[in-house]
Every structure is written in structure tokens, then in C-alpha cells.
Amino acid sequence: MRIYNTETKTLEEFKPITPGKVSMYVCGPTVYNLIHIGNARPMIVFDTVRRYFEYKGYEVNYVSNFTDVDDKIIKKANEEGVDASVISERYIKECKKDMADLNVRPATTHPQATKEIQGMIDMISTLINKGYAYVVDDGTVYFAVDKDPNYGELSHKNLDDLQSGFRSIAVSGEDQKRSPLDFVLWKPKKEGEPYWDSPWCQGRPGWHIECSVMSRKYLGETIDIHAGGEDLIFPHHENEIAQSECANGKPFVHYWMHNAFLNIDNHKMSKSLGNFKTVRDVDAVYDPQVLRFLMLSAHYRSPLNYSVDLMDAAKTSYERLVNCCRNLDYNLENAADKEISEEEKKLLEQAHQYRLQFEKVMDDDFNTADAISALFDLMRFINTNSGTENSKTYLASLRKEFTELSDVLGLIVDRKPEASDDETAYIEEKIKERQEARKARDFKKADAIRDELKAKGILLEDTKEGVKWTKA
């Protein structure tokens, strides 16, 4: 298995720190509102990475945080006249609902920044004692970037260029910084903000320190993979490396993974442009699985565009996968209970080649776009080489190949038509009436029944195995 490492800009063979285990940290959202579809991309991408590791037999310790103390959370809390925790807990709950709808598995641990404050104070104290951080008159603690000789190794930014670029930027309240590049580890409280006691002042942590602390606590001082959107490379992940390696005296991360940006109609998503979309907005129009399909239809390091046309195409493609599984289930239910034939055994060997192709492209830096192509090749093979005349053993084996690969991508294909028992009974009775009308050559009545069901969103398909129905 090869992974593209942002730090080295090369594809590297994956070698875990502990054989058979993967430690993985993925930066989560700041919970001040419903998550948008840009937030959803790393959630879906790295959930799929985790799934594939587990498919390959690894035990994955997957940590993804919630930033639950932040200026935006505090602003919203003050506007509503409530405690900041009310806002963060509300949107953590909503985020988890959206993640479940997108079939994103819960992390092994979902730490929250406000519950890890003591760990942050401890790491900041270590950085001060080692000479990597300093305290100014108002109690603010800064990390001294020039004390870290490796600063810039992830983003490949030159320290001198960064210094000259920052000299002209005057930031209010930061005039005590020794260098414009130094970043905040702890800051004093302001009126109307939550705060904690510390050796330096009553205040709250800077953003960057939380991930260093939570990664160390739940995964260890050195981890296999750290991931997130490419917008986090600098300064967030760069600063995480500086804090962690200077405090711990050890390498922080072996493989850095970053997904590319998501655009909407070929423009950057922005409220000012009126193209800002939450996951909930999309779910009101499309099945969440369609959004997941779209997110995986491009390689994670390639920019991805969201548009109605692309979503409609993703919807059609996803429904083809679901229909393939439904047809398989129908054939399996109605197949003869007989021994698998030699011809069927040979067909299964052919079908297995699609699994091998799927694994080959996923082993190459998790190429989900090509993995979907391999899944569709398997789907076409199944559609051509399965029917009620086949043995149950053969059909069950095909279904296992198909559903296991779909599950690696988090695509739910074994879905039954969504209808109540009463609605199902009504549909099946109408299908029976239509079949009787056709036998009596009363095609006008048969067509009328089809049209009646279609008006109710029920689509009929006449196949050699019988009449099948789906809900539009």
C-alpha cells in the first residue's frame, strides 16, 4: 500500500509503527453551525481510508476532534444569550446526525477541546520550560517559531520569506510578540468569554495546541497518519508539528494526508456568493448516499466540483448499484437450491478479478474513483451472469463480492424499497391485477394500472424473472 505524504511530496510505502495497527488523527469541525459539504469531504474521504485499512485486516484507532471553544462559537452564544457549551453541544449532536446520514462511522474517540484543557496547560508548560515558548505581560503565551529549526517542513515554506511577508501585518493586541510568525498557545480572557485558570492568566487555549494534546493523549507521541483538508496544511498542521515535536522530543507524524478543496459550480463556496450549502441542504433534495458517491468519484487529492448535473449523474449511478443488489436478492430468493456448477465456479473466479482490481487501485493512495470503476465492472458482470436459473451458492458468492466492496466505500447497496407493509401489500396486489389483465389481453387495463402506480412514485420493471418494483 502506498500513501502520498504531503510532507515529502512523494508516494511512500505504508509501514505502520505497530504491525497490524494504524493510529490515525483527523481534524474535525468547529461546532458553531451545521456542517457544510466542504466539511463533509474529509469526513467521507478519511472514513473510507479507515474502512479500507480495516478491510485489509488492520486494527484502526481513529481519533477525530470537535473544536468546541472558538470565537465563532462564543459570538453565536452571546447573540443567543446562552453559554458557549449550549451552542457547541447542539451542533456536535447535529454533526453526528449528518455523519450517520452520510454513513460515516463514529471515531474510536471524539475528544472535545474544552475537556482537555489541563493537557494543554501541561504541554504549554513543557514548551516554556524547554525554551520554545514565552509569556508576555498580559499572560499571553506564544510559541517562538525561530526556536524550531524544522519549522516549515510540512508546508515547504521558507522562514525568511514568511518573516518578510508578515512584517507589514500589524495585528491588534500582538505587539508584544518577538516575531510576527510566533503563534498563540494561551490567551487572556475577554468579557463574555469562557475561561480557565492557568499559571499565566485566566483565559483559554489557542486553536493549534488542542490537536497536539488530543493526538498525544489518545494515540501516542508519534502516530501513523494525520489528515485533514489542504487548507489546514499551513498554519494549523505546521504549528501542530512544531508544538508536538518540541514538547515531546520525537517525530510527530509518519504520513500526512490532505484532501483537495470542494467547489460549487466551479466557484469557491461562500455565503457572499450565495452558493453555501450545508449537508442538510443537500439531504433535503438527494439521498445522503448520493453525496457520498459524488465525494468518492474523484481522487481525494484532486479538486472536486459540486453541481446539480453532477449530483443527478451520481444519483443515477448510485441507483444502478442498488438495483443490481436488488436484482441479485430477487434471483437469490427465487433460485433453485442446487449444487454449484463447474461453470459457475469459473464465473466466480472471473468475478474475483474485479475485487483484485479494486484492491490494486485502493492500495495506490486510496484511488476511490478507479475503485468505483472496478465496482461498476463487477456490477455489469453480475447483471450479465446471474439469474434465477443459477444456484443459491453462486448467487450468494456474487452478492458477497459486491456488498463487501461497496461497504469499503461506505456505499449502502443492500437497500429495500422504502414502503410500509400496507403500501407493499397494495403494490403487490396491483401487480397481480395487472398480470391477470395482461393474461386476459386487456392491455388497456394493464397500462392503466402501471400509470396509476407511476403516479404514486412506484416504477414497474418487467424482467424474465418477473415484475420488479422500485420507488422513484
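Everything numeric in this text was worked out from a predicted model, so none of it was measured. Numbering of residues begins at 1 and proceeds along the displayed sequence.
With hydrogens and angles disregarded, a donor-acceptor distance shorter than 3.5 Å links the side chain of D182 to the backbone of S179. Between the T109 side chain and the P111 main chain, no donor and acceptor come within less than 3.5 Å of each other. In this structure, T368 contributes its side chain and L296 its backbone to a donor-acceptor pair below 3.5 Å. Counting only distance, with no hydrogens or angles, the side chain of E238 and the backbone of G152 share a donor-acceptor pair below 3.5 Å. Remark: the backbone N or O of L347 is not paired with any side-chain donor or acceptor of H352 at under 3.5 angstrom. Put simply, the side chain of N5 gets close to the backbone of H254: a donor and an acceptor are under 3.5 Å apart. With hydrogens and angles disregarded, a donor-acceptor distance shorter than 3.5 Å links the side chain of N65 to the backbone of G28. Counting only distance, with no hydrogens or angles, the side chain of K190 and the backbone of E193 share no donor-acceptor pair below 3.5 Å. Side-chain atoms of D47 do not come within 3.5 Å of backbone N or O of M43 as any donor-acceptor pair. Side-chain atoms of N367 come within 3.5 Å of backbone N or O of D370 as a donor-acceptor pair.
Within the 4.5 Å cutoff, no side-chain heavy atoms of D138 are placed close to those of C201. Contact annotation: the side chain of P205 never approaches that of K187 to less than 4.5 Å [non-hydrogen atoms, C-beta and beyond]. Within the 4.5 Å cutoff, the side chain of R50 has heavy atoms near those of the T108 side chain. Side-chain contact between I17 and T222 is present, with at least one heavy-atom pair separated by less than 4.5 Å. Residues I223 and S215 are in side-chain contact: their nearest non-hydrogen atoms beyond the backbone lie under 4.5 Å apart. Proximity of I3 to L11: side-chain heavy atoms (C-beta onward) are nowhere separated by under 4.5 Å. Counting heavy atoms from C-beta on, the side chains of V135 and Q176 never come closer than 4.5 Å. Between F402 and L321, some side-chain heavy-atom pair lies under the 4.5 Å cut-off.
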Is there a salt bridge (charged side-chain N to carboxylate O under 4.0 Å, His left out) between R105 and E54 once you walk through the steps? CA-CA 12 Å; R105 292 176 178 168; E54 291 175 343; 2.6 Å; yes
Going through the checks in order, is the side chain to side chain contact (heavy atoms under 4.5 Å, CB included) test met by N259 and F46? CA-CA 9 Å; N259 64 275; F46 298 115; 3.5 Å; yes
Take D68 and T114 through the side chain to side chain donor-acceptor pair (under 3.5 Å) test and state the conclusion after the steps. CA-CA 6 Å; D68 60 346; T114 57; 2.6 Å; yes
T278 vs D281, test: side chain to side chain donor-acceptor pair (under 3.5 Å). Steps then yes/no. CA-CA 5 Å; T278 66; D281 291 334; 3.1 Å; yes
Worked check of ring-ring contact (aromatic ring centres under 6.0 Å, His included) between F366 and F53: CA-CA 10 Å; F366 308 97; F53 274 124; 5.6 Å; yes
Applying side chain to side chain contact (heavy atoms under 4.5 Å, CB included) to I124 and I128, what does each step give before you reach the verdict? CA-CA 6 Å; I124 294 169; I128 293 171; 4.0 Å; yes
Would K217 and E116 satisfy salt bridge (charged side-chain N to carboxylate O under 4.0 Å, His left out), going step by step from the backbone distance to the final call? CA-CA 9 Å; K217 178 176 178 178; E116 308 293 341; 3.1 Å; yes
For the pair S307 and D309, evaluate side chain to side chain donor-acceptor pair (under 3.5 Å) and give the outcome as yes or no after the intermediate values. CA-CA 5 Å; S307 70; D309 288 345; 5.4 Å; no
Working note: N239 + Y151, criterion side chain to side chain contact (heavy atoms under 4.5 Å, CB included); need CA distance, chi angles, decisive distance, verdict. CA-CA 8 Å; N239 291 351; Y151 193 84; 2.5 Å; yes
Assess whether side chain to side chain donor-acceptor pair (under 3.5 Å) is satisfied between Y52 and E359, documenting all intermediate values. CA-CA 9 Å; Y52 188 63; E359 292 177 354; 5.3 Å; no
Output, in order, the C-alpha distance, side-chain angles, deciding distance and verdict of side chain to side chain contact (heavy atoms under 4.5 Å, CB included) for V49 and Y300. CA-CA 10 Å; V49 170; Y300 76 90; 5.8 Å; no
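For an aromatic pair to be called close, the ring centres must be under 6.0 Å apart, and H258 with H237 satisfies this. A centroid separation of less than 6.0 Å is found between the aromatic rings of Y255 and F14. Taking the six-membered ring wherever Trp is involved, the centroid distance between the rings of Y62 and Y25 does not fall below 6.0 Å. Aromatic ring centroids of F183 and F143 lie under 6.0 Å apart.
Salt bridge status for K56 with D363: present, with a side-chain N to carboxylate O gap under 4.0 Å. The pair E12-R2 fails the salt-bridge criterion, with no side-chain N (NZ, NE, NH1 or NH2) lying under 4.0 Å from an Asp/Glu carboxylate O. Taking the charged nitrogens against the carboxylate oxygens, R326 and E319 have no contact shorter than 4.0 Å, which rules out a salt bridge. At a threshold of 4.0 Å, the pair D71-R204 counts as salt-bridged, since one of the basic side-chain nitrogens sits closer than that to a carboxylate oxygen. No salt bridge links R301 with D364; every basic N to acidic carboxylate O contact stays at or beyond 4.0 Å. Between D101 and K97 there is a salt bridge, with a side-chain nitrogen of the basic residue lying less than 4.0 Å from a carboxylate oxygen of the acidic one.
Partner R292 forms a side-chain hydrogen bond (donor to acceptor under 3.5 Å, both in side chains) with one of T48, N103, D287 and no other, that one being T48.
For the pair R178 and Y134, the cation-pi criterion (under 6.0 Å, within 45° of the ring axis) is fulfilled. Relative to the six-membered ring of F234, K157 meets both conditions, a distance below 6.0 Å and an angle of at most 45° to the axis.
Within a 6.0 Å radius of CD in E59, no more than 12 heavy atoms belonging to other residues, nucleotides or ligands are found. Open room surrounds NZ on K21; 12 or fewer heavy atoms of other groups in view lie less than 6.0 Å from it.
With sequence neighbours left out, D312 forms a salt bridge (charged side-chain N to carboxylate O under 4.0 Å, His left out) with no residue at all. For R355, the salt bridge (charged side-chain N to carboxylate O under 4.0 Å, His left out) test picks out E401, E404, with sequence neighbours left out.
Residues E240 and H226 bring a donor and an acceptor atom of their side chains to less than 3.5 Å of each other.
Minimum interatomic distance between L405 and Y354 (heavy atoms only, all atoms of both residues): CD1-O, 4.4 Å. The two atoms that bring L127 and L185 nearest to each other are CD1-CD1, 4.0 Å, heavy atoms only. The two atoms that bring R51 and D407 nearest to each other are NH1-O, 2.9 Å, heavy atoms only. The minimum heavy-atom distance linking M120 with A113 is given by the pair CE-O, 3.2 Å. The two atoms that bring C95 and P29 nearest to each other are SG-CG, 3.9 Å, heavy atoms only. Contact detail for N305 and I264: the closest heavy-atom pair is OD1-C, 3.7 Å.
Classified by interplanar angle (parallel below 30°, tilted 30° to 60°, perpendicular above 60°), the ring pair H236/H208 is tilted. In this pair, W256 and F252 present their aromatic rings perpendicular. The plane angle is above 60°, beyond the 30 to 60° band.
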